[in-house]
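Read the structure below first, then the notes.
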Amino acid sequence: MKFKLLYFSFALLLGAVLFQSSSLGRAKDAGEGNTGAPGDDKDVCQSCHNSNSIQTTATLTLRDTFGNVVTAYAPTQIYDLTVTINTAKGNPLAWGFQCVTLKDAGNLPYNAWSKPGNNVQLTSLNTGRQYAEHIGPGNSNEFTVQWTAPEVGTGSITFYAGGNGVNLDMHNTGDGGTKTKITVTEGAVLGSKELHSNLSFDAFPNPVISSTQLIFPEATKANGSLQILNMNGQIIASNGQTIVAGTKEFTLDMSQFCTGLYLIRYQSESGNFTKRVVRL
């Protein structure tokens, strides 16, 4: 009887230690990454938090400063990352997460977190990786942190995240762990020499309410055309009207576009030139 009581007490203590080693952030408390990233894939959240009573999924969402969801980044620009732990089954009482970013070229760490949101901390390990993770079991299933994109020429970046929905019973047997990842590519247009070239026109007003006037410093010397691109470098509109040689001003209607940041590309025989405009 005494042996059974001792065994039960030991098991309870072990369960509490295992729970606490993750409850204040896995990197902070245990010095480990459990995101499923290369090097973090020996143990992931669902290795311990894997039950039939609670099941979760995770979603990673990257937004630009205008709130638009992006799948490509503009070098050196700041973005907001939201990690959401979704409930697929059961009724979690609290949530936790951990996230890391790696360059796809060589799986090298890219540590560029800033301004952690509510219940989020930044933890650096001697592996060279910095993790965004929960501070304690959270009553919200959403976690936010800012991320700054790398320099031109870095290439694709992958975000790896693990998360938990827990029942707070001081054990991990009734919890639900999950993992996910997203890859964002380097914006081809924003990372090209074209963006940094000497622009051949200006736009006024900018920001734009409905339309803007494209103003050429001198009359155009060749026929040209316009394209409008989003911040992922995708062409979303192509103006079929030719800007004829000799044009000094051209009115561009942007009333049909949503609020956000756009690129206007002017193409002519003398070269391609790009201007950033903000649509209010």
Side-chain angles (χ1 to χ4, degrees), residues 21-22 24-48 57-65 68-85 96-117 119-135 142-164 177-196 231-234:
S21 67
S22 296
L24 301 181
R26 189 65 175 170
K28 184 74 171 179
D29 277 356
E32 293 183 358
N34 292 158
T35 63
D40 286 358
D41 46 4
K42 181 180 179 181
D43 290 309
V44 292
C45 292
Q46 59 263 54
S47 297
C48 296
T57 61
T59 304
L60 297 175
T61 307
L62 195 66
R63 292 184 172 88
D64 62 19
T65 53
N68 301 311
V69 177
V70 300
T71 57
Y73 67 83
T76 72
Q77 298 301 300
I78 296 175
Y79 296 88
D80 294 311
L81 177 73
T82 301
V83 182
T84 306
I85 310 302
F97 90 107
Q98 187 185 63
C99 187
V100 69
T101 58
L102 303 181
K103 302 174 185 178
D104 285 3
N107 290 322
L108 298 174
Y110 178 68
N111 303 321
W113 304 117
S114 63
K115 294 188 178 179
N119 196 31
V120 177
Q121 63 186 332
L122 306 179
T123 305
S124 298
L125 298 183
N126 57 14
T127 59
R129 297 182 179 185
Q130 185 183 56
Y131 294 85
E133 60 182 5
H134 62 264
I135 298 174
E142 285 193 355
F143 303 88
T144 61
V145 60
Q146 282 192 347
W147 178 78
T148 302
E151 298 289 336
V152 171
T154 301
S156 298
I157 299 284
T158 298
F159 293 72
Y160 299 88
N164 288 321
T178 185
K179 67 176 181 178
T180 191
K181 66 179 182 178
I182 61 169
T183 298
V184 290
T185 58
E186 182 175 345
V189 172
L190 295 179
S192 70
K193 294 180 180 178
E194 177 181 87
L195 181 64
H196 304 287
M231 292 304 290
N232 290 338
Q234 299 167 320

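The model shown is predicted, which means the values in this text are computed figures rather than measured ones.
Looking only at side-chain heavy atoms (C-beta outward), L122 and V145 come within less than 4.5 Å of each other. Between L60 and T180 the shortest side-chain heavy-atom distance falls below 4.5 Å. Residues I157 and K103 form a side-chain contact, since some pair of their non-hydrogen atoms from C-beta on lies under 4.5 Å apart. Contact annotation: the side chain of N111 never approaches that of S124 to less than 4.5 Å [non-hydrogen atoms, C-beta and beyond]. Using a 4.5 Å heavy-atom cutoff, the side chains of T144 and V120 are not in contact. Looking only at side-chain heavy atoms (C-beta outward), T35 and F159 stay at 4.5 Å or farther from each other.
Qualifying side chain to side chain contact (heavy atoms under 4.5 Å, CB included) partners for T127, counting only residues two or more places apart in sequence or in other chains: L125, R129. Listed by chain and number, the residues in a side chain to side chain contact (heavy atoms under 4.5 Å, CB included) with I135 are N119, Q121 (sequence neighbours excluded).
Rounded to the nearest 0.5 angstrom, K181 NZ and Y160 OH are separated by 5.0 Å. Here the straight-line distance linking atom OH of Y73 with atom OG of S156 works out to 7.0 Å at 0.5 Å rounding. Between E133 atom CD and F143 atom CZ the span is 11.0 Å, to the nearest 0.5 Å. Of the inter-residue distances, the one linking D80 atom CG with T61 atom OG1 reads 11.0 Å to the nearest 0.5 angstrom. D40 contributes atom CG, which lies 11.0 Å from atom CZ of R26 (distance to the nearest 0.5 angstrom).
There is a side-chain donor-acceptor pair under 3.5 Å between T183 and T158.
By the 30° and 60° cut-offs, the orientation of the rings of W147 relative to Y110 is perpendicular.
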